[in-house]
Every structure is written in structure tokens, then in C-alpha cells.
Engineer: 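Below: one structure in C-alpha cells.
Note: hydrogens, waters and symmetry copies are ignored here, and every other heavy atom, side chains too, is used. Letters A, B, ... mirror the listed sequences (proteins, then strands); counts begin at 1.
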There are 2 protein chains.
Amino acid sequence: MCPHTLVRMERADAARNRARILEAAAALFAARPPHEVTMDDIAKAAGVGRGTLYRRYPDRASIAVALLDEHERELQERLLRGDPPLGPGAPPAERLAAFYAAMVRLLEDHAHLVLGSEVGRTRFETGAYGFWRAHVRSLLVAAGTPSPDALVDTLLAPLAPEVYVYQRSDRGLGMDEIIEALTRLTRVL
Amino acid sequence: MCPHTLVRMERADAARNRARILEAAAALFAARPPHEVTMDDIAKAAGVGRGTLYRRYPDRASIAVALLDEHERELQERLLRGDPPLGPGAPPAERLAAFYAAMVRLLEDHAHLVLGSEVGRTRFETGAYGFWRAHVRSLLVAAGTPSPDALVDTLLAPLAPEVYVYQRSDRGLGMDEIIEALTRLTRVL
DNA sequence: GCTTAAATGGACAACGTGTCCGCTTACTGA
DNA sequence: TCAGTAAGCGGACACGTTGTCCATTTAAGC
């Protein structure tokens, strides 16, 4: 682009390789559990060397985060500026229910990504978690719920990918049943 | 014990080594994050060989589970036969609140164990999770809550060790605040 | 005591990780 | 158009962990 940009531009080959890595990783993660995919597998599939891979992504988790990023951004945008009940305008309880439903749809498509990639507490360190947290917290405050700080994480906990996958696969529950149960949680407001 | 027991008794040295392993593992897990403790560390600290360790415990997770087992059993006993509101007799909502409070106390002491030991979905495969699930489900049924199957896991999700540690450490919340937030969840019944 | 089968423990091979450094390639300014 | 330069590349390497295997030891039964 503009050669006079103050921030040094990313070199063309670097950009190409990043795209290749992300594409290859997405294919591999879709095919088998992320923790069974080695960094070497990804490098091989992307047609880049080991060092190139490590330069950008120090571990599997950071690759998974990068893959999730775009999908999460879209939902974040709708929460901020979309139509009610997801966006501003509807009563807090309805917005929370809409948020739950939207998150379930996100999980249905991408839970396998974040799952197993050395999750654990990693999930909370994602920028995305902070966003969901701030959003739900603002709904709690708007609803006048007392001491929202502890309740936020409590309400966000059922959206953990492990929980969702357990409900779907091991328990054989459908998306609708899960959404219904989550919607019931909005009574705490 | 009785030499005529049909089920072959565990040999004396085997029992001694199991005790050693559990004791050593508890000390190591208390000192640093479980995922930084190698199987070799445990074997060394317990004064047994690598093979001996693997014979009984195929991985770190199974050791952590064994360590948790006794503490969980005690709570399970109190849920089944203890005094109200934890045990039978009190209304479902109060029993659920009491269960939450008891679990928080358990987490406060032992969350570090299950945390990081290759958790993820492992948690659900524990026999203990099945027990908590059955207990809460029975409370939901007793309260006449419709379609309890999806709601159970939703209500159990905030008790995930990762969530608790995040609230305590990263968010700086106290046990009381967390218990209060969980108690609020009993409104969904 | 003697037999037998379980239990032990360390050596071993295979694997994944992360780093390092010589080589290559894309930008830049003349 | 063409060097000069710095960023980017990639494979070889060393390290640490894992899980298995089997010769040896040791407890229990007769």
C-alpha cells in the first residue's frame, strides 16, 4: 500500500504465509482434535518451515485464537450496533437471551477450535472474553442487578466450549434445548 | 486381611507404593501448577520407578482424580444422608444454595488440583461430575422445573475450577461474593 | 522353605517442542 | 534498473517427556 506509512508494512511473502498457515490450520483443526495436530503438521500443510510458523504463532492456542477472531468480531459488531434485541434498544433480559442464542450458534460452528488447544484458563485471557464480560455486565447494570461483578462470570460459564460440546455430544441435547435452558437464566436479572 | 477373599488382595508393597505416590503427588501439586509436574518428578519424589507409576496411573489427570476422590466422597455422603439444608428435607432451592456453598469451599481448597491436569472435557468423565449432575437434576425435578436435562449442566458450569480460579485470582472476588452470585441462580427453579 | 505370580524400576525408543543461524527474498533509494 | 539492506524464511539441532518393555525382585500361598 502506501510506502510512506509510518508503521512498517508487512512484507508480501509474510502476508502470503500467514494466510497459508491460517488456512492450513483451519483444515487440520476441522479434521481432528486440535491437540492431536502438531505444529509440524501445520507447517507441513501450509508449506512453510517450522521457524516461520513459530515466528508468528508461539503455540497452537494462538493460532486457534486468530482463527476465531474474525467470527467473534462480527458478533461483537452486532452487539454494539445491530438491531434489537441483540443490539441496543431492547430490555436487558431480552438482550441477554438474544446474546445467548447468538453465542450458541457461534459455538455450534467453532467450539472444536478453542477446545483442546491447551484451553483451561487461556479462554479468559482472550480479548473476546473481556468483551462478552463487559457486554453482559452492562446488561446487569442496566437491569439494576445488585453486585454484578461475580454474577457476570457465573452467567458466562455455561458458554464454555467444553460445556457446550458435552451437552451436544455426550448428552445428545439439541441447540434449541440448550438455548432454552440459557434463556431461563435471564430470570436472575 | 482374609486370605480366602475371592477378589485377590492388593499386595503389601503395592499398597505402600500407592500411598507414597499419592502423598508425593499431593505435595508436588501443591507446590507448583500440575501441568509443570512431570510423571518423572512424581516417581522420583515417591521413590518408585517410572514403570510402577504408570502401572497404576496412566497420566497426571488420573492422579489428580484419585487425590480429589476422598474429599468429594465426603460431600457426596453429606448430600445423601446429612442434615438439611444440604441433606434431604429442605426445599429444593435451599438445598441447591447449600450445595453451591459447599462446592465453593471444596474448590477453594482443591481447585489447583484439577486445574491444568489436562482438564478440558476430562472433568465430565469423572464419576464425581455424574454425581453432582444427578443430585442437581433431582432437585430440579423435585421443584417441578420443566426440561431439567439441559438446565443441569448450565447450573453446574459456574463450578468449573477454571471459572472459580479466574474469579478469585484475576477478578479478586471473595468466596462470599461468589457464593452470593451462585445463590442468585437458584431463582431459575 | 519353596513355588508362583504379581510387582518393581530403570533403560530405551519415539515424539513434539522450541531455538538458532545461514540463506533467500522483498522492499527502498539512487 | 540496480545494488544495499533488513526482514523473513526454513530446516537442522538439542532438549525434555512420554509411554513401553522386560529382567529382576519380592510378597503371598502351600
Side-chain angles (χ1 to χ4, degrees), chain A residues 1-25 28-29 31-66 115-120 122, chain B residues 1-25 28-29 31-66 115-120 122:
Chain A
M1 205 183 284
C2 173
H4 302 95
T5 322
L6 280 181
V7 284
R8 185 84 59 185
M9 276 294 292
E10 180 181 50
R11 246 170 63 170
D13 52 348
R16 176 177 47 84
N17 279 338
R18 169 160 60 218
R20 278 191 184 181
I21 289 172
L22 253 33
E23 190 180 356
L28 288 174
F29 284 167
R32 48 193 151 120
H35 64 276
E36 287 180 15
V37 178
T38 70
M39 293 297 256
D40 198 60
D41 289 336
I42 299 174
K44 285 281 201 307
V48 303
R50 193 165 191 62
T52 306
L53 183 57
Y54 273 100
R55 161 176 295 267
R56 234 182 284 282
Y57 304 106
D59 51 32
R60 266 187 303 282
S62 60
I63 299 180
V65 167
L115 198 80
S117 356
E118 198 65 28
V119 240
T122 310
Chain B
M1 203 184 286
C2 172
H4 302 94
T5 322
L6 280 182
V7 283
R8 187 82 60 183
M9 277 295 292
E10 180 181 50
R11 249 171 61 170
D13 52 350
R16 175 177 50 82
N17 279 339
R18 168 160 61 218
R20 277 191 184 180
I21 289 171
L22 254 33
E23 191 179 357
L28 288 174
F29 286 167
R32 47 192 152 121
H35 63 275
E36 287 179 15
V37 178
T38 70
M39 293 296 259
D40 199 60
D41 288 337
I42 299 174
K44 285 280 201 306
V48 302
R50 194 165 191 64
T52 305
L53 183 58
Y54 272 99
R55 160 176 298 268
R56 236 180 286 281
Y57 305 106
D59 50 33
R60 266 187 304 282
S62 61
I63 300 180
V65 167
L115 199 80
S117 357
E118 197 66 27
V119 242
T122 309

Engineer: Provide, to the nearest angstrom, the distance between the CZ atom belonging to B:Arg55 and the C1' atom belonging to D:dC21.
Structural biologist: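 Distance, rounded to whole Å: 12 Å.
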
Engineer: Nearest 0.5 Å, what's the NZ-CZ distance between A:Lys44 and A:Arg50?
Structural biologist: 8.0 Å

Engineer: Taking N or O atoms only and anything under 3.5 Å, show me the protein contacts with nucleotides 14-18 of chain D, one pair per line.
Structural biologist:
{"from": "D:dT18", "atom 1": "OP1", "to": "B:Arg60", "atom 2": "NH1", "distance (Å)": "2.7"}
{"from": "D:dT18", "atom 1": "OP2", "to": "B:Met39", "atom 2": "N", "distance (Å)": "3.4"}

Engineer: Give me the distances for all protein-to-nucleotides 22-26 of chain C N/O pairs that come in under 3.5 Å?
Structural biologist:
{"from": "C:dT25", "atom 1": "O2", "to": "A:Arg11", "atom 2": "NH1", "distance (Å)": "3.3"}
{"from": "C:dT25", "atom 1": "O2", "to": "A:Arg11", "atom 2": "NH2", "distance (Å)": "3.1"}

Engineer: Between C:dC15 atom P and A:His35 atom NE2, what is the distance in whole Å?
Structural biologist: 17 Å

Engineer: I need the A:Leu53 CG to A:Asp59 CG distance, nearest 0.5 Å.
Structural biologist: 10.0 Å

Engineer: Which pairs, protein N/O on one side and nucleotides 1-5 of chain D N/O on the other, fall under 3.5 Å?
Structural biologist:
none

Engineer: Give the minimum heavy-atom separation between A:Ser62 and A:Tyr57, together with the two atoms involved.
Structural biologist: OG-CB, 3.4 Å

Engineer: Return no unless some side-chain N or O of B:Arg56 is found under 4.0 Å from OP1 or OP2 of C:dT8.
Structural biologist: yes

Engineer: Whole angstroms only, please: what is the OH-P distance between B:Tyr57 and C:dA7?
Structural biologist: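 Roughly 13 Å, once rounded to whole Å.
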
Engineer: Under 4.0 Å: is that the gap between some side-chain N or O of A:Asn17 and OP1 or OP2 of D:dC9?
Structural biologist: yes

Engineer: For a 4.5 angstrom cut-off between non-hydrogen side-chain atoms, does A:Asp41 reach A:Arg32?
Structural biologist: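 With C-beta onward as the side chain, the pair touches.
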
Engineer: Measure the spacing between CD1 of B:Ile63 and CD1 of B:Ile21 and express it to the nearest 0.5 Å.
Structural biologist: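 One finds 7.0 Å between CD1 of B:Ile63 and CD1 of B:Ile21.
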
Engineer: Give the minimum heavy-atom separation between B:Ala24 and B:Ile42, together with the two atoms involved.
Structural biologist: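 Smallest heavy-atom distance, with atoms named: CB-O, 4.3 Å.
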
Engineer: How about A:Glu23: does its CD atom have over 12 heavy atoms from other parts shown lying under 6.0 Å from it?
Structural biologist: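 Not buried by this count: 12 neighbours or fewer within 6.0 Å.
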
Engineer: Measure the spacing between CD of B:Glu36 and CZ of B:Arg60 and express it to the nearest 0.5 Å.
Structural biologist: 10.0 Å

Engineer: When you measure from the side-chain N and O atoms of A:Thr52 to the phosphate of D:dG10, is any distance below 4.0 Å, counting only OP1 and OP2?
Structural biologist: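 True: A:Thr52 side-chain N/O within range (under 4.0 Å) of D:dG10 OP1/OP2.
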
Engineer: Mind checking if B:Arg18 touches a base, just sugar-phosphate, or nothing, with heavy atoms under 4.0 Å?
Structural biologist: nothing

Engineer: Nearest whole angstrom, please: distance from the C1' of C:dG18 to the CD1 of A:Ile42.
Structural biologist: 14 Å

